[in-house]
Amino acid sequence: MTDPRFPVLTQKQISTLKEFGTIITFDKETVLFQVGDSDYDFYVVLDGEINMRDPHDDNRVLATHMINEFTGDSSMLSNRSIPFSAYASQGASVLRIKPEVLKGIISKHSGISDVLLSAFLLRQEVMLKELSGGVKVIGTEKSKETYGLRDFMDKNHIWHSFLNIDESIAAKELLVSFNLNYADLPILISMSGEIYKNPTIAELARLTGVLMEFEDTIYDVLVVGAGPSGLAASVYAASEGLSVVTIDGNAPGGQAGKSTKIENYLGFPTGISGHDLANKAYLQAQKFGCTISIPHKAEKVEYNGEYFTLCASNEKHIKAKSLIAATGANYRRLPVEGIERFEGSGVFYSATGMNASACKNELVGVVGGGNSAGQAALFLADHAAEVHVIIRGDDLGDKMSDYLVQRIYSSPNIIVHKNSNVVQLNGAHHLQYLVLDTNGKTQIIGITNLFTFIGAKPCTEWLHGIVSMDDRGFIHTGVDVMEAAMTTCSIFEQRKPQSLEGSIPGFFAVGDVRKGSVKRVASAVGEGSMAISQVHQYLAELKMSRLEQ
């Protein structure tokens, strides 16, 4: 049976690809690209073979591409670093295609695109789940800084391995061999061997190619936020020929990316994790030519009557004729004194596989009564000794879907605390226990990992009041925009704001950040796609108004 990671291209597909590439024959074994390269070519084997090797494991051959097979993975659609080296065998003949040309082929030839992207996704999945290696992080599991690096790599699908200095002899030996000490932790070792002491997230993002450089021009659309609504807008904008750039301050997926299993999203009868859904959408948007760069946190936006200028972190100014705000909402911080001291050291706002391994046989707490809290509780129950679900009200089914409520009550190691609040957190360097108040009666529980999913605070600080919002910070769109708040312009003299348009023409809001939105992944995706049809109308009006001037 053929390994789906290594499909064979048909002669018709190879003939099409030959129009875009160059045929090369090697008279001796030759390196095609090396681990850590971020700009490398795509190869189809016409004769001989290409061996993929791991230089960190004595150049062990991990895979061999045979005749009519091809190299590459999903990093080819961005500027991410390749994790392996490739060697063409002596006498091999290959078809070489430049990465920018390959992106054009993928966006225009659906048959070839299907074969390549399916293989790229499978290769990435196997690498992340089954292989050990990639970027190395050396640190302590209870360090907030170490957690931040691991969390960023986990959410951005960056292949990495963690060496816990508290337990790993290999980690201690590496520290000695590089003449480093505990004050240098956490330490990052790139795939090509460079060492970074206590690196920032931005350094990590640049190193791995997640933070991209892109053209300084005026785009048709700027999407701020890469949750489901932002990614949907990115896919539709790019697929419909608009120039689009998408930024996010953290990782693709937004709040949905934190859901361990979404079971009521159309088309996935066995469910899909928010993590996987976001990764597929991320790749899909890039397939159509969307540039996605992370982390860029929006800080300020200006509008000059013709285009928007967004100031973002990492010294980036981006100009666009239209802007889609898809920054979503963050979970609120629990009103417990000193909680910030435990964030990343026992208090978390998402439950990922990385968190699950740290919860093995521990007591964990989940605060919140929504679907995200329910999904997290069920996921963590497979790893923890006990999961304590903590809600302020007396009805778990008040906000949570019934299928989740039923599963929680049938799980033997999940305990539900109603009418309860966390009132105290305790621990020296990491959470060791908390105090729970239930109807005025307090108890101490040895919870070492607390996951909170309460409330929703819209991420609109970066707007600084430039568009109309309600008193909680949610953006007004459509009929919610009061006439007095509308920007005075020729477009709004002809019509009112479209249903997803704000008080400035060309400014749109989708998903959780919009006042009146439905807090569901499907509706967020729908709004993202709808917004692009409204962007088209706005761009046509903008063009017309310029011609009339």
Side-chain angles (χ1 to χ4, degrees), residues 35-36 54-57 80-81 83 127-128 131-211 249-251 294-295 297 313-314 338-362 364 383 425-433 448-451:
V35 63
D54 183 358
H56 300 299
D57 189 8
R80 295 192 178 205
S81 308
M127 180 182 71
L128 291 174
L131 300 182
S132 176
V135 177
K136 287 186 176 63
V137 184
I138 303 175
T140 170
E141 193 167 51
K142 300 188 185 307
S143 158
K144 190 179 294 187
E145 291 76 19
T146 303
Y147 176 81
L149 295 173
R150 295 175 64 203
D151 187 55
F152 182 83
M153 288 194 280
D154 191 56
K155 289 176 178 171
N156 285 283
H157 293 84
I158 299 169
W159 190 38
H160 68 281
S161 54
F162 172 55
L163 299 175
N164 186 353
I165 198 75
D166 297 330
E167 299 175 355
S168 168
I169 295 172
K172 292 173 182 171
E173 288 176 347
L174 276 172
L175 214 61
V176 172
S177 66
F178 290 123
N179 197 26
L180 300 170
N181 56 54
Y182 277 64
D184 297 320
L185 298 176
I187 292 165
L188 210 66
I189 303 177
S190 74
M191 287 185 281
S192 47
E194 296 99 345
I195 295 173
Y196 298 81
K197 295 185 282 187
N198 201 4
T200 64
I201 294 295
E203 286 175 317
L204 168 61
R206 280 200 181 88
L207 165 70
T208 52
V210 179
L211 185 64
N250 185 22
I294 297 171
K297 186 176 181 182
S313 59
N314 293 315
I339 187 171
E340 62 277 5
R341 188 162 65 86
F342 295 102
E343 289 174 338
S345 300
V347 173
F348 307 98
Y349 297 92
S350 63
T352 66
M354 186 179 73
N355 297 118
S357 62
C359 293
K360 192 174 181 182
N361 299 323
E362 300 272 326
V364 309
H383 306 273
L425 301 170
N426 291 282
H429 304 292
H430 191 276
L431 181 64
Q432 292 176 304
Y433 66 92
T448 55
N449 290 275
L450 183 68
F451 299 85

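- Residue N181 qualifies as enclosed at atom CG: its count of foreign heavy atoms under 6.0 Å is above 12.
- Across all their heavy atoms, N449 and F348 have their closest contact at OD1-CE1, 3.2 Å.
- With S345 contributing its side chain and H430 its backbone, the two residues share no donor-acceptor pair below 3.5 Å.
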Worksheet item: What's the verdict on side-chain contact (heavy atoms from CB on, under 4.5 Å) for M153 and L188, showing C-alpha distance, side-chain angles and the deciding distance?
Response: CA-CA 12 Å; M153 288 194 280; L188 210 66; 4.2 Å; yes
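- Of all the heavy atoms in M191 and V135, the pair that sits closest is CG-N, 3.8 Å.
- Other residues, nucleotides and ligands place more than 12 heavy atoms under 6.0 Å from the NZ atom of K172.
- Remark: the backbone N or O of L204 is paired with a side-chain donor or acceptor of T208 at under 3.5 angstrom.
- Remark: K155 NZ is packed, more than 12 non-hydrogen atoms of other residues, nucleotides or ligands lying under 6.0 Å away.
- A donor-acceptor contact shorter than 3.5 Å links the side chain of N314 to the backbone of P295.
- Residues F178 and I195 are in side-chain contact: their nearest non-hydrogen atoms beyond the backbone lie under 4.5 Å apart.
- With hydrogens and angles disregarded, a donor-acceptor distance shorter than 3.5 Å links the side chain of W159 to the backbone of L131.
- Listed for the N156 side chain is a donor-acceptor partner under 3.5 Å among the backbone atoms of F152.
- N198 places none of its side-chain heavy atoms less than 4.5 Å from the side chain of D184.
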Discussion item. With side-chain contact (heavy atoms from CB on, under 4.5 Å) as the criterion, how do I294 and N250 come out once you've worked through the C-alpha distance, each side chain's angles and the decisive distance to 0.1 Å?
Written reply: CA-CA 6 Å; I294 297 171; N250 185 22; 5.8 Å; no
Discussion item. Quick one, S192 with E194, criterion side-chain hydrogen bond (donor to acceptor under 3.5 Å, both in side chains). Give me CA distance, side-chain angles, the key distance, then yes/no.
Written reply: CA-CA 6 Å; S192 47; E194 296 99 345; 2.7 Å; yes
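- For the 3.5 Å distance criterion, the side chains of E141 and Y147 fail to qualify, holding no donor opposite an acceptor.
- Nearest approach of P186 to L149, heavy atoms of both residues: CG-CD1, 3.7 Å.
- A donor-acceptor contact shorter than 3.5 Å is absent between the side chain of E167 and the backbone of N164.
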Discussion item. Using side-chain contact (heavy atoms from CB on, under 4.5 Å), reason through I339 and L425 one step at a time and then give a plain yes or no.
Written reply: CA-CA 7 Å; I339 187 171; L425 301 170; 3.7 Å; yes
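- A pairwise comparison of heavy atoms in I138 and L185 identifies O-CD2, 3.5 Å as the closest pair.
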